[in-house]
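Here is the structure we will look at, set down as structure tokens.
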Amino acid sequence: MVPDCSDRALWGDDARLSSVTDAVRARLADDAGVNRDWLLPATLSEATRAQREIAEACETRDRIGDVRLIAGADTSMKWRDSTGPIHAAIAPLRWPEREVLPPGLATRIPPFAYVPGYLGFREAPALVAAWKTLAETPGLLLVDGHGRAHPRRCGIATHLGVLLDVPAIGVAKSILCGRIEGVLGEAPGSQAPLVDRGEVVAMALRTRARALPIYVGTGHRVSLETAVAWVLALTDGRRLPLTTRLAHDAANAARVAWQSSPRKRGEE
């Protein structure tokens with residue numbers, strides 16, 4: 001049995017982890033057009049319940065339209081700064097032309113304390129805000145992080161995919177829970193299941209020879225097989241898909257620009 005990621009010795013179930021009032025929580029969720037309880041829970045017990053509800057709402061079969069616009073999602077923040085702003089980027093890509101479009105960006109002070117296993121509640125508000133700035137709505141979202149390869153089956157890709165009700169894929173660089181079963185070959189395209197408590201929660205995928213694998217999983221409305229196929233179509237011989245690289249660069253650029261600007265911290 002994989003242990004729960006949260007540390008109950010440090011955080012009680014009813015500890016208030018959100019830094020915003022109930023009225024502000026309601027306004028922010030209404031502005032974003034998403035479920036308030038799933039975006040900004042006030043306590044750890046509420047967050048745990050929200051993760052379980054989101055995991056239950058997650059669809060693991062394909063429900064994808066004609067994909068003409070794909071996007072990557074990533075965040076950036078100052079190293080070891082758990083209270084400073086999170087800089088989120090949604091980087092769209094015209095498909096199949098691979099035309100890179102301007103990213104959607106948002107900078108937000110995280111409203112939720114850092115607790116292992118609950119990172120989605122820190123990143124989701126900024127990512128949803130960045131999503132809302134896009135001129136066109138992507139038909140597929142690749143998120144830097146896990147989907148269902150999470151102790152409560154609610155990694156950031158599932159969290160964001162269900163919140164936005166968009167087909168989403170998780171692309172992670174390390175294992176959060178579970179273990180690889182079988183042999184993962186060295187050739188590009190080799191894959192082996194990542195299994196947690198008897199359930200295949202992601203696929204370990206070798207995208208480049210002599211490179212570490214990545215872990216691809218269902219976020220929402222995308223089957224595992226389809227998720228792997230999309231990631232392979234977007235890697236172009238690199239370890240990470242193009243959408244992830246674009247979002248990573250955009251989020252880092254937003255952080256650097258914010259740090260070099262004269263505005264006071266906390267204005268965002």
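No hydrogens, no waters, no symmetry mates; every other heavy atom, side chains included, goes into these values. Just so it is clear, the structure is predicted and the values come from calculations on it, not from any experiment.
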By side chain to side chain donor-acceptor pair (under 3.5 Å), Glu181 pairs with (sequence neighbours left out) none
[X] [atom1] to [Y] [atom2] distance, which is reported to the nearest 0.5 Å:
X      : Y      : atom1 : atom2 : result
Leu105 : Ile90  : CG    : CD1   : 9.5 Å
Arg98  : Thr243 : CZ    : OG1   : 9.5 Å
Ile214 : Thr235 : CD1   : OG1   : 7.0 Å
Thr218 : Glu225 : OG1   : CD    : 8.0 Å
Leu160 : Asp165 : CG    : CG    : 11.5 Å
Glu56  : Arg152 : CD    : CZ    : 15.5 Å

Of all heavy-atom pairs between [X] and [Y], which one has the smallest distance, and what is that distance?
X      : Y      : value
Gly120 : Pro125 : O-CD, 4.3 Å
Val216 : Val228 : CG1-N, 4.0 Å
Ala106 : Ala130 : CB-N, 3.5 Å
Pro85  : Pro110 : CA-CD, 4.2 Å
Ala247 : Ala91  : N-CB, 3.6 Å
Ile54  : Cys154 : CG2-SG, 3.6 Å

Is the side chain of Asn35 donor-acceptor paired with the backbone N or O of Asp37 at a distance under 3.5 Å, no angle test?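 The answer is yes, because a donor-acceptor pair under 3.5 Å joins these two groups.
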Test item: Arg221 side-chain N/O and Ile64 main-chain N/O as donor-acceptor pair under 3.5 Å: no
Hydrophobic clustering (ILVMFWY, side-chain heavy atoms < 4.5 Å, transitive) - are [Y] and [X] grouped together?
X      : Y      : answer
Ile180 : Val231 : no
Leu184 : Met203 : no
Leu242 : Val143 : no
Val128 : Ile86  : no
Leu224 : Val67  : yes

With sequence neighbours excluded, what pairs up with Val166 under the side chain to side chain contact (heavy atoms under 4.5 Å, CB included) test? Trp131, Leu141, Leu164
For a salt bridge (charged side-chain N to carboxylate O under 4.0 Å, His left out) check, start with the C-alpha distance between Arg36 and Glu46, then their side-chain angles and the critical distance, and finish with the verdict. CA-CA 11 Å; Arg36 176 181 67 183; Glu46 289 181 14; over 6 Å; no
With a 4.5 Å limit on heavy-atom distance, are the side chains of [X] and [Y] in contact?
X      : Y      : value
Pro92  : Ile70  : no
Cys58  : Glu53  : no
Leu205 : Pro213 : no
Pro41  : Phe112 : yes
Leu232 : Pro188 : no
Arg68  : Pro138 : no
Asp62  : Ser223 : yes
Thr137 : Leu69  : no

Side-chain donor-acceptor contact under 3.5 Å, [X] with [Y]:
X      : Y      : answer
Arg255 : Ser76  : yes
Ser45  : Thr48  : no
Thr244 : Asp144 : no

Member of Arg153, His150, Arg148 meeting the side-chain hydrogen bond (donor to acceptor under 3.5 Å, both in side chains) criterion with Asp196: Arg153
Just one of Arg108, Arg122, Glu123, His248 clears the side-chain hydrogen bond (donor to acceptor under 3.5 Å, both in side chains) bar with Thr75, so which one?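 The passing option is Glu123.
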What residue among Ile169, Leu142, Thr60 forms side chain to side chain contact (heavy atoms under 4.5 Å, CB included) with Val222? Ile169
Who are the ring-ring contact (aromatic ring centres under 6.0 Å, His included) partners of Trp230, not counting sequence neighbours? Trp95
Sorted by chain and residue number, the ring-ring contact (aromatic ring centres under 6.0 Å, His included) partners of His87 (sequence neighbours excluded) come out as Trp258
What pairs of residues pass the ring pair (Phe, Tyr, Trp, His ring centres under 6.0 Å) test when at least one of them lies in residues 189-224, not counting sequence neighbours?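 Every candidate ring pair (Phe, Tyr, Trp, His ring centres under 6.0 Å) pair involving residues 189-224 fails, so no pair, neighbours aside, qualifies.
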Residue pairs passing the ring pair (Phe, Tyr, Trp, His ring centres under 6.0 Å) test where at least one lies in residues 155-177, sequence neighbours excluded: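 Counting only pairs at least two positions apart or across chains, the ring pair (Phe, Tyr, Trp, His ring centres under 6.0 Å) contacts touching residues 155-177 are Phe121-His159.
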Test salt bridge (charged side-chain N to carboxylate O under 4.0 Å, His left out) on Glu186 and Arg206; report intermediate values, then the result. CA-CA 7 Å; Glu186 295 296 326; Arg206 186 92 63 192; 3.4 Å; yes
Decide salt bridge (charged side-chain N to carboxylate O under 4.0 Å, His left out) for Glu136 and Arg94; before the verdict, give the C-alpha distance in whole Å, the side-chain angles of both, and the deciding distance to 0.1 Å. CA-CA 10 Å; Glu136 298 179 62; Arg94 190 81 64 194; 3.0 Å; yes
Salt-bridge criterion met for Asp74 and Arg245 (N-O under 4.0 Å):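 Arg245 and Asp74: not salt-bridged.
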Going through the distances and angles, do Ile156 and Leu119 end up as a side-chain contact (heavy atoms from CB on, under 4.5 Å)? CA-CA 7 Å; Ile156 182 61; Leu119 186 62; over 6 Å; no
